[in-house]
Visitor: 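Here it is, the structure, as structure tokens.
Note that the numbering runs from 1 along the sequence shown for the chain. From a predicted model like this one, the values you see are computed outputs, not experimental measurements.
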Amino acid sequence: MKVEILFRPSYSIAKVLLDPNEAVIAESGAMVGMSADIQVETKMRGGLLQSLARSVLGGESFFVNTFRSGARGGELLLAPTLPGDVFTTELTNETYLVQSGSFLASSEGVVTDTKWSGARTFFGGEGLIMLRCSGAGTLILSSYGAIHELDLAAGETYTVDTGHLVAFSERMGFKVRAIGGLKTTVLGGEGLVVDLTGPGRVLLQTRSEGAFLNWLLPKIPKRSSD
């Protein structure tokens with residue numbers, strides 16, 4: 001599998017070139033276009049309970065699509081719902097925790113399941129509800145806005161707003177907390193942050209979907225009760 005990212009960073013699309021009889025697993029609705037001989041199978045990934053966990057806790061689709069090329073290989077175009085960037089990384093028997101909504105696709109060697117990081121993070125709206133992506137193969141992630149990459153040294157700590165977090169290495173230490181107390185959280189526009197401690201890699205997105213909605217919703221005219 002070869003992946004080329006086009007039109008980055010604002011309206012990125014992943015051009016996936018598949019070898020003969022090779023497959024890629026993608027979120028429902030991610031397909032933009034594909035070669036005529038590619039076969040598509042839609043199913044609940046990992047069985048009913050695991051699919052429910054990914055959908056309810058992870059914010060991902062209940063169903064996933066498997067795109068498999070024919071004897072001559074094929075081309076597949078994938079894009080996220082929101083405008084932003086697409087990022088690929090090659091997993092070599094390692095694990096990343098991926099923010100809900102950022103998983104776009106992966107090769108068959110990558111196993112995706114749900115990691116529940118504590119009930120208290122659920123009430124943050126943009127809390128750390130993560131997908132656990134492990135194994136060996138290509139992982140394709142998306143972001144709202146551009147992707148900013150950080151490499152933290154051993155013992156180095158960096159604080160990130162959870163709404164801007166895309167993914168980080170599972171070997172990193174992390175602690176979720178509210179910033180500034182109740183008054184700051186309610187009135188100051190801030191919420192949960194996560195303290196990440198290296199070594200490891202962190203992927204951030206330059207925009208927050210929650211912050212955009214908080215800006216947009218008050219501007220939408222309300223319908224009159226009449």
Side-chain angles (χ1 to χ4, degrees), residues 1-18 22-35 38-69 74-91 95-116 126-147 163-168 203 205 207-210 212-213:
M1 178 189 302
K2 296 180 180 179
V3 183
E4 181 182 2
I5 310 301
L6 307 175
F7 313 118
R8 65 190 321 175
S10 298
Y11 294 95
S12 299
I13 188 171
K15 180 180 178 182
V16 183
L17 300 178
L18 298 173
E22 190 175 27
V24 61
I25 300 166
E27 281 299 309
S28 177
M31 193 274 288
V32 174
M34 63 182 181
S35 302
I38 289 182
Q39 301 297 315
V40 185
E41 180 184 5
T42 301
K43 61 181 180 180
M44 296 180 294
R45 188 175 185 187
L48 178 61
L49 293 179
Q50 191 173 6
S51 296
L52 281 172
R54 293 180 70 243
S55 178
V56 176
L57 299 181
E60 303 295 323
S61 302
F62 185 77
F63 294 96
V64 293
N65 292 323
T66 299
F67 298 87
R68 189 173 300 277
S69 63
E75 176 184 298
L76 175 67
L77 298 177
L78 300 171
T81 301
L82 296 174
D85 208 352
V86 174
F87 181 89
T88 64
T89 185
E90 293 296 324
L91 300 185
T95 301
Y96 271 81
L97 298 182
V98 178
Q99 176 73 292
S100 61
S102 293
F103 176 86
L104 186 63
S106 69
S107 57
E108 288 187 299
V110 176
V111 178
T112 304
D113 58 19
T114 301
K115 180 179 177 65
W116 178 238
E126 296 175 316
L128 276 181
I129 304 171
M130 310 296 290
L131 296 176
R132 186 177 184 271
C133 299
S134 61
T138 303
L139 177 62
I140 307 176
L141 304 176
S142 66
S143 66
Y144 179 41
I147 285 182
H164 289 270
L165 184 63
V166 173
F168 62 94
L203 300 178
Q205 57 186 14
R207 297 293 181 269
S208 165
E209 181 182 354
F212 173 69
L213 291 175

Visitor: Can you find a side-chain donor-acceptor pair between Ser12 and Asp85 that sits under 3.5 Å?
Guide: yes

Visitor: Using modelled atom types only, decide if a donor and an acceptor are shared between the side chain of Gln39 and the backbone of Thr66 within a distance under 3.5 Å.
Guide: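 Absent.
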
Visitor: What distance separates Leu82 CG from Tyr144 OH, expressed to the nearest 0.5 Å?
Guide: 6.5 Å

Visitor: Identify the two heavy atoms, one from Asn65 and one from Ser28, that lie closest to each other, and give their separation to 0.1 Å.
Guide: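 Looking at all heavy atoms of both residues, the shortest contact is ND2-CA, 3.8 Å.
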
Visitor: Which heavy atom of Ser106 sits nearest to which heavy atom of Leu139, and what is that distance?
Guide: CB-CD1, 4.3 Å

Visitor: Are the side chains of Glu27 and Phe103 in contact, using a 4.5 Å heavy-atom criterion?
Guide: yes

Visitor: Do you know which two heavy atoms are closest between Ile38 and Ser69, and how far apart they sit?
Guide: CG1-CA, 4.1 Å

Visitor: Might you confirm whether atom CZ of Arg8 has over 12 heavy atoms from other residues, nucleotides or ligands at distances under 6.0 Å?
Guide: yes

Visitor: Atom CD in Glu90, atom CE in Met1: separation rounded to 0.5 Å?
Guide: 8.5 Å

Visitor: Determine whether Met34 and Val40 make a side-chain contact, defined as any pair of heavy atoms from C-beta on separated by less than 4.5 Å.
Guide: yes

Visitor: Report the residues that fulfil side chain to side chain contact (heavy atoms under 4.5 Å, CB included) with Leu6, sequence neighbours left out, ordered by chain and then residue number.
Guide: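 Leu6 satisfies side chain to side chain contact (heavy atoms under 4.5 Å, CB included) with Glu4, Ile13, Lys15 once adjacent residues are dropped.
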
Visitor: Answer whether the closest heavy-atom distance between the side chains of Glu108 and Arg68 falls below 4.5 Å.
Guide: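 Yes, their side chains come closer than 4.5 Å.
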
Visitor: Would a 4.5 Å heavy-atom cut-off, applied to side chains only, mark Thr112 and Ile25 as touching?
Guide: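 Not touching, per the 4.5 Å side-chain cut-off.
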
Visitor: Sequence neighbours left out, what passes side chain to side chain contact (heavy atoms under 4.5 Å, CB included) with Ala136? Give chain and number order.
Guide: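 With sequence neighbours excluded, Ala136 shows a side chain to side chain contact (heavy atoms under 4.5 Å, CB included) to Asn93, given in chain and number order.
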
Visitor: Once you round to the nearest 0.5 Å, how far does CG of Leu131 lie from OH of Tyr96?
Guide: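 One gets 15.5 Å once the value is rounded to the nearest 0.5 Å.
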
Visitor: Using only atom types and a distance under 3.5 Å, with no angle test, would you say the side chain of Ser102 pairs donor to acceptor with the backbone of Leu141?
Guide: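 No; zero donor-acceptor contacts below 3.5 Å.
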
Visitor: State whether Glu22 and Lys2 are salt-bridged, where the test is any N-O pair (Lys NZ or Arg NE/NH1/NH2 against Asp/Glu carboxylate O) under 4.0 Å.
Guide: no

Visitor: Can you tell me if Glu75 uses its side chain to pair, donor with acceptor, with the backbone of Ser35 under 3.5 Å?
Guide: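 It does not hold such a pair.
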
Visitor: Could you give the distance from OG (Ser142) to CD1 (Ile147), rounded to the nearest 0.5 Å?
Guide: 7.5 Å

Visitor: To the closest 0.5 Å, what do you measure between OG1 (Thr42) and CZ (Phe67)?
Guide: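 The OG1 atom of Thr42 sits 7.0 Å away from the CZ atom of Phe67.
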
Visitor: For residues Val24 and Ala105, report the shortest heavy-atom separation together with the two atoms involved.
Guide: CG2-CB, 4.0 Å

Visitor: Ignoring hydrogens, what is the shortest heavy-atom contact between Leu18 and Ala23? Give both atom names and the distance.
Guide: CD2-C, 4.5 Å

Visitor: Please round to the nearest 0.5 Å and tell me the distance separating atom OG of Ser208 and atom CG of Leu165.
Guide: 11.0 Å

Visitor: Side chains of Val86 and Pro80: closer than 4.5 Å at any heavy-atom pair?
Guide: yes

Visitor: Would you check if the side chain of Ser107 reaches a backbone N or O of Thr138 as a donor-acceptor pair within less than 3.5 Å?
Guide: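 It does hold such a pair.
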
